Engineer: 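Have a look at the structure that comes next, please.
Worth saying up front: this structure is predicted, and the values here are computed from it rather than measured.
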Amino acid sequence: MQLLERSLNNWGIHQPVMTLLFEGGGTMFSNVVQIAMRHDLLGTPDGQALLEFCYARGARWDIRDGWNQTSFLELLECALQHRRRELCGKRSIEDNLKVVRGILECQQDSHNLWNGSEVREKGDACETTFYYMLRALAEAGLVGLSIARQYISTAEEFGAKWDAIAWNYSPPWGIYEKGKLTNFHSLVDLLGHAGCLEHPDTVTILSRALEFGADFAVDDHRPPGRRRIVAHIPNLLWTCRRQMLVLIALLSHDRAITGPDDVGAALNWLALLVKRQHGPAISLKVGHPVVRLVFSFLPRVPPVLGYDFKTEGRGGRSFQRRHRSAEEGL
């Protein structure tokens with residue numbers, strides 16, 4: 001770094017060199033971040049010295065490159081090992097999360113790293129860094145693991161907003177054998193290819209998207225290509241609650257038994273609670289307090305799925321649901 005500093009001074013270069021764009025579209029700082037993560041430098045004293053050197057020459061984590069992506073997104077993709085293996089370091093994804101948190105803690109406006117874009121008008125929803133992190137988690141097959149929940153909670157802790165994402169935006173081009181996907185359906189497709197579409201963590205992610213503006217009915221008017229994974233979103237988001245209530249009903253009537261594990265013990269506790277209060281002959285109903293308690297623990301289903309809706313399904317088919325409340329929807 002001393003040699004580089006002397007070279008810059010000798011050549012009389014005093015501009016913020018870290019903001020310079022390379023021919024491939026990346027900035028100098030984003031390339032420094034990639035190389036530093038490849039050699040596990042960030043999070044060490046040497047890595048901190050490197051960052052201070054870059055900060056003094058115009059480096060910022062929200063600098064956008066020729067692809068409208070930030071250096072912070074470069075950091076996240078390297079941390080999630082969302083690259084070829086030779087471009088990743090030897091540290092685990094868990095250790096990389098500590099590096100990301102350390103950098104976020106040093107930023108005064110960390111929410112700006114997750115939200116916003118210089119291409120759209122200020123305040124408009126866009127493809128934020130938070131959205132790209134969700135995509136990276138899906139493509140890396142991490143959704144469903146605790147580390148994915150830690151990354152998402154860290155993002156929310158430092159200001160990531162679900163409603164800042166343009167969920168219903170679709171680019172003017174299509175993807176070969178997939179079609180023109182909105183950002184929401186693109187994420188659904190990635191989760192499907194990762195094999196975790198029915199995981200409760202996936203249900204939670206999709207629920208949050210629908211809560212904050214995603215419209216599952218907005219989609220390409222043409223039939224999806226053969227490489228596209230299509231999900232029936234309402235059925236998917238109601239599945240977890242429906243299965244849980246069936247299990248509790250079976251337990252309360254001694255038609256199912258539980259094992260010694262924690263999940264079985266919790267269900268057994270709920271069944272015993274019902275029997276103590278109402279006796280074994282009383283069945284669980286939708287409005288039962290225990291059922292409401294279970295609802296509070298399960299992934300949230302957005303209210304939009306409990307109201308009237310009619311939308312065209314795949315292949316010209318349509319599905320309808322009469323007006324019903326969220327609990328009656330079971």
Engineer: Do Leu20 and Val17 have side chains that get closer than 4.5 Å, going by heavy atoms?
Structural biologist: yes
Engineer: Is the side chain of Asp220 donor-acceptor paired with the backbone N or O of Arg222 at a distance under 3.5 Å, no angle test?
Structural biologist: yes
Engineer: Return the set of residues passing ring-ring contact (aromatic ring centres under 6.0 Å, His included) with Phe184 (not counting sequence neighbours), or none when no residue passes.
Structural biologist: none
Engineer: What's the verdict on side chain to side chain contact (heavy atoms under 4.5 Å, CB included) for Leu97 and Tyr151, showing C-alpha distance, side-chain angles and the deciding distance?
Structural biologist: CA-CA 7 Å; Leu97 177 59; Tyr151 270 90; 3.7 Å; yes
Engineer: Write down the atom of Val188, the atom of Leu197, and the distance for their closest heavy-atom approach.
Structural biologist: O-CD1, 3.8 Å
Engineer: Can you sort out the partners of Glu94 under salt bridge (Lys or Arg N to Asp or Glu O under 4.0 Å), two or more places apart, ordered by chain and number?
Structural biologist: none
Engineer: Can you name the ring-ring contact (aromatic ring centres under 6.0 Å, His included) partners of Phe29, sequence neighbours left out?
Structural biologist: Trp61
Engineer: Kindly say whether Asp201 contributes a backbone atom to a donor-acceptor pair with the side chain of His199 at under 3.5 angstrom?
Structural biologist: yes
Engineer: Any heavy-atom pair between the side chains of Glu211 and Trp162 that's under 4.5 Å?
Structural biologist: no
Engineer: Kindly give the heavy-atom pair with the smallest separation between Tyr131 and Ser186, and that separation in Å.
Structural biologist: OH-CB, 3.9 Å
Engineer: Taking the cut-offs as 6.0 angstrom to the six-membered ring centre and 45 degrees off its axis, would you call Arg57 and Tyr55 a cation-pi pair?
Structural biologist: no
Engineer: What is the minimum heavy-atom distance between Lys180 and Pro171, and which atoms define it?
Structural biologist: CE-O, 3.3 Å
Engineer: Start with the C-alpha distance between Thr70 and Leu113, add both sets of side-chain angles, then the distance that settles side chain to side chain contact (heavy atoms under 4.5 Å, CB included), and finish with yes or no.
Structural biologist: CA-CA 8 Å; Thr70 63; Leu113 300 180; over 6 Å; no
Engineer: Work out which heavy atom in His185 is nearest to a heavy atom in Asp215; give both atom names and the distance.
Structural biologist: NE2-O, 4.3 Å
Engineer: Donor-acceptor pair, Asn183 side chain versus Ala166 backbone, under 3.5 Å?
Structural biologist: yes
Engineer: How many angstroms lie between atom CD of Glu74 and atom OG1 of Thr129, to the nearest 0.5 angstrom?
Structural biologist: 11.5 Å
Engineer: Quick check: do Leu76 and Phe130 have side-chain heavy atoms less than 4.5 Å from each other?
Structural biologist: no
Engineer: Output all residues satisfying side-chain hydrogen bond (donor to acceptor under 3.5 Å, both in side chains) with Thr202, sequence neighbours left out; order by chain, then residue number.
Structural biologist: none
Engineer: Mind checking the CG-CE spacing from Asn31 to Met18? Nearest 0.5 Å is all I need.
Structural biologist: 10.0 Å
Engineer: Are Val143 and Leu236 connected, step by step, through hydrophobic side chains (Ile, Leu, Val, Met, Phe, Trp, Tyr) whose heavy atoms are closer than 4.5 Å?
Structural biologist: yes
Engineer: Would you check, one step at a time, whether the test side chain to side chain contact (heavy atoms under 4.5 Å, CB included) holds for Leu42 with Leu75?
Structural biologist: CA-CA 10 Å; Leu42 297 187; Leu75 172 69; 3.8 Å; yes
Engineer: Apply side-chain contact (heavy atoms from CB on, under 4.5 Å) to Lys161 and list each qualifying residue two or more places apart in sequence or on a separate chain.
Structural biologist: Asn115, Asp163, Ala164
Engineer: Quick one: list whatever passes salt bridge (Lys or Arg N to Asp or Glu O under 4.0 Å) with Asp40, sequence neighbours left out.
Structural biologist: Arg91
Engineer: Could you go step by step and tell me if Arg228 and His193 meet the side chain to side chain contact (heavy atoms under 4.5 Å, CB included) rule?
Structural biologist: CA-CA 9 Å; Arg228 164 90 181 275; His193 280 286; over 6 Å; no
Engineer: Is there a path of hydrophobic side-chain contacts, each under 4.5 Å between heavy atoms, that joins Leu187 and Ile175?
Structural biologist: no
Engineer: Taking atom types as modelled, find out whether Ser30 and Thr27 have a side-chain donor-acceptor pair closer than 3.5 angstrom.
Structural biologist: yes
Engineer: side-chain contact (heavy atoms from CB on, under 4.5 Å) with Ala148: which residues, sequence neighbours excluded?
Structural biologist: Leu137, Leu142
Engineer: Who are the side-chain hydrogen bond (donor to acceptor under 3.5 Å, both in side chains) partners of Gln48, not counting sequence neighbours?
Structural biologist: Glu52
Engineer: Who are the side-chain hydrogen bond (donor to acceptor under 3.5 Å, both in side chains) partners of Asp95, not counting sequence neighbours?
Structural biologist: Ser92
Engineer: Using modelled atom types and a 3.5 Å cut-off, is there a donor and acceptor pairing between side-chain atoms of Asn96 and backbone atoms of Ala79?
Structural biologist: yes
Engineer: Roughly how far, to the nearest 0.5 Å, is CG of Asp65 from CE of Met28?
Structural biologist: 14.0 Å
Engineer: For the residue pair Leu237 and Leu210, establish whether any side-chain heavy-atom pair is separated by less than 4.5 Å.
Structural biologist: yes
Engineer: How would you list, by chain and number, every residue that makes a side-chain hydrogen bond (donor to acceptor under 3.5 Å, both in side chains) with Ser110, sequence neighbours excluded?
Structural biologist: none
Engineer: Are the side chains of Gln150 and Ile147 in touch, meaning some heavy atoms are under 4.5 Å apart?
Structural biologist: yes
Engineer: For Arg227, which residues count as a salt bridge (Lys or Arg N to Asp or Glu O under 4.0 Å) partner, sequence neighbours excluded?
Structural biologist: none
Engineer: Gln107 versus Phe158: any side-chain heavy-atom pair under 4.5 Å?
Structural biologist: no
Engineer: Could you tell me if the side chain of Leu73 sits less than 4.5 Å from the side chain of Glu77, heavy atoms only?
Structural biologist: yes
Engineer: Nearest 0.5 Å please: distance from the CG atom of Asn112 over to the CZ atom of Arg60.
Structural biologist: 10.5 Å
Engineer: Any side-chain heavy atom of Ile152 sitting closer than 4.5 Å to one from Ile205?
Structural biologist: yes
Engineer: Is a donor on one side and an acceptor on the other found under 3.5 Å between the side chain of Asp189 and the backbone of Ile229?
Structural biologist: yes
Engineer: Working to the nearest 0.5 angstrom, can you tell me the gap between Thr154 OG1 and Glu105 CD?
Structural biologist: 9.5 Å
Engineer: Is Phe216 linked to Leu190 within one hydrophobic cluster, defined over Ile, Leu, Val, Met, Phe, Trp and Tyr using a side-chain heavy-atom separation of less than 4.5 Å?
Structural biologist: no
Engineer: Between Ala155 and Met133, which heavy-atom pair has the shortest distance, and what is it?
Structural biologist: CB-CE, 4.1 Å
Engineer: Measure the spacing between CG of Leu41 and CD1 of Ile35 and express it to the nearest 0.5 Å.
Structural biologist: 10.0 Å
Engineer: Can you name the residues that form a salt bridge (Lys or Arg N to Asp or Glu O under 4.0 Å) with Glu157, not counting sequence neighbours?
Structural biologist: Arg101
Engineer: If you take all heavy atoms of Thr182 and Asn168, which pair is closest and at what distance?
Structural biologist: CG2-O, 3.8 Å
